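What you see is a predicted model, and the numbers here were worked out from it, not measured in a lab.
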Amino acid sequence: MTRKEIIILSAGIGFLIIWIIDLNAPTPVEIQGNFWLEIYFHYVWLMFGLGSLLYFQYSKNLRIKEEEKKAGETKQDIRSRAMKSNKRKN
């Protein structure tokens, strides 16, 4: 896991913890009774957390694809070297 992935994962988990704490906190008097403001007030932390976790998954998949691509290139290099050495022996 890269440093970038660790930071994104930590941020996502942190946002989810903040959301849980925020759900237990009372809603400010100024926005009580207004449905959409209450939804926005509480669930913005949830959206930040989910966005961070989705970005973590996306960056992890990109890293895995790059590693597989590099591993495939390495295998081809080994095969080409083996073929060259076999030709030299013959």
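- Proximity of Met47 to Leu50: side-chain heavy atoms (C-beta onward) are separated by under 4.5 Å at one or more points.
- Leu54 and Leu46 fall into different hydrophobic clusters, defined by Ile, Leu, Val, Met, Phe, Trp and Tyr side-chain heavy atoms under 4.5 Å apart, directly or through other members.
- Under the rule for a side-chain contact (heavy atoms from CB on, under 4.5 Å), the partners of Ile64 that lie at least two apart in sequence or sit in another chain are Lys60, Glu68.
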Report, one line per pair, each donor and acceptor closer than 3.5 Å where one atom sits in a side chain of residues 6-27; sequence neighbours left out.
{"residue": "Ser10", "atom": "OG", "partner": "Ile6", "partner atom": "O", "Å": "2.8"}
{"residue": "Trp19", "atom": "NE1", "partner": "His42", "partner atom": "O", "Å": "3.4"}
{"residue": "Asp22", "atom": "OD2", "partner": "His42", "partner atom": "ND1", "Å": "3.3"}
{"residue": "Asn24", "atom": "ND2", "partner": "Ile20", "partner atom": "O", "Å": "3.4"}
{"residue": "Thr27", "atom": "OG1", "partner": "His42", "partner atom": "NE2", "Å": "3.0"}

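- Grouping the Ile, Leu, Val, Met, Phe, Trp and Tyr side chains by contacts below 4.5 angstrom, directly or via other members, places Trp45 with Trp36.
- Pairs passing the salt bridge (charged side-chain N to carboxylate O under 4.0 Å, His left out) check and including a residue from residues 1-20, sequence neighbours excluded, read Glu5-Arg63.
- Hydrophobic cluster membership for Phe41: Ile31, Leu37 (Ile, Leu, Val, Met, Phe, Trp, Tyr linked by side-chain heavy atoms under 4.5 Å, directly or transitively).
- Not counting sequence neighbours, Glu38 has no partner by the salt bridge (Lys or Arg N to Asp or Glu O under 4.0 Å) test.
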